[in-house]
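In this text the structure is predicted, and so the values were computed from the model without any measurement. FYI, the numbering just counts along the sequence from 1. Just so you know, ligand 1 is whichever comes first in the structure, and atom 1 is the first atom listed for that ligand.
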Amino acid sequence: MKARPITTVKTVVTGIEEAGAGTKLFTLADPDQWDLPPFKPGAHIDLHLPNGLVRTYSLCNEPADNARYVIAVKREAEGRGGSRALHDDVGVGDVIGVSLPRGGLEPDARVARYVFVAGGIGVTPFLSMARHFQRTAQADVTLHLVVREEMPLAAHLSSLIEAGTVVVHRTSREGRPDLAELVGDPNPETMVGCCGPESMIEDFERVTAAWPAARVHVERFVAPPPIIDPDAKPFTLSLARSGGEIHVRAGQTMLAALKEGGIDIATSCCGGICGACKVGWIEGKPVHRDRVLSPYERERYLMVCVAGSDSERLVLDL
Ligand code: FES
């Protein structure tokens with residue numbers, strides 16, 4: 001019989017720091033001070049909050065520092081409740097379950113230069129990457145941080161600003177920077193990335209449309225509205241490992257159908273951007289609607305919160 005994979009790790013909050021611009025830094029560590037599961041620069045984890053919410057945050061420390069996970073959380077008064085719960089209800093000593101780290105950027109020896117554009121708190125995944133690349137001197141990194149006026153994590157960015165790695169653009173003084181100018185022309189030795197509000201990501205995707213997909217990295221923290229397919233048809237999920245069958249009604253998500261069938265799937269964003277609900281598929285024709293899987297990953301995986309099916313039967317590795 002196969003062992004059930006570990007999906008969450010118990011951590012304890014060992015530090016909370018005010019980090020400016022409505023942001024707090026939370027440090028999570030193993031209760032017995034063991035190293036935590038390793039991660040790539042800019043990876044993210046799901047936090048299973050005491051109120052039952054599951055929320056995804058980027059790690060802003062670097063992989064060499066894996067005795068702890070550090071996340072920066074901006075309190076969003078009008079958000080979905082995760083940041084309010086962390087800011088208002090979580091204290092040092094509280095226990096929080098976290099998922100294994102996912103995503104991030106695998107350092108690529110063919111890349112000589114990284115150019116990142118971040119809006120406000122979107123700086124967090126790139127902070128981890130910038131620190132990693134700066135320490136290992138593997139590549140030249142420029143991180144353009146666009147803020148209205150006050151900068152989050154100012155104390156943690158100061159050495160990177162002094163070194164010229166982080167360039168701050170204050171829109172209240174100089175207007176919005178021209179992203180095409182910041183990113184430059186497509187170059188096979190340059191990787192470009194963006195994390196920030198949706199309008200910034202849309203501009204970034206427009207100015208990098210001619211770049212090879214493998215050299216463009218986008219991190220979203222707000223899921224786009226769900227895609228409603230008026231022509232959606234019902235289909236059947238065959239579960240290869242358990243031998244069961246689940247029927248998905250027209251317009252129903254695979255996730256909802258699996259949950260109705262008693263199958264427990266980890267979720268966070270429910271909008272195809274976080275990677276929590278990734279499931280392997282074996283046969284059929286999935287319709288991928290996520291913003292997180294690469295074309296290569298889509299050959300083997302789908303995100304059950306948003307994917308549909310173009311075939312009457314889809315075989316999942318469940
Ligand atoms: S729950 Fe986030 S991608 Fe499905």
Supply the atom-to-atom distance L314 CG to E283 CD, rounded to the nearest 0.5 angstrom. 9.0 Å
Look at the side chain of R113 and the backbone N and O of T190, then say whether any donor-acceptor pair between them is shorter than 3.5 Å. no
Got a donor-acceptor contact below 3.5 angstrom from the H87 side chain to the T23 backbone? no
Closer than 4.0 angstrom, basic N to acidic O: yes or no for K10 and D32? no
Using a distance threshold of 2.8 Å, what protein N/O/S atoms lie below it relative to atom 4 (Fe) of ligand 1? C277 SG, C305 SG
Please check: side-chain N/O of N61 versus main-chain N/O of R68, any donor-acceptor pairing under 3.5 Å? yes
Check T27, L36, D30 against T11 for a side chain to side chain contact (heavy atoms under 4.5 Å, CB included) and give me the one that passes. L36
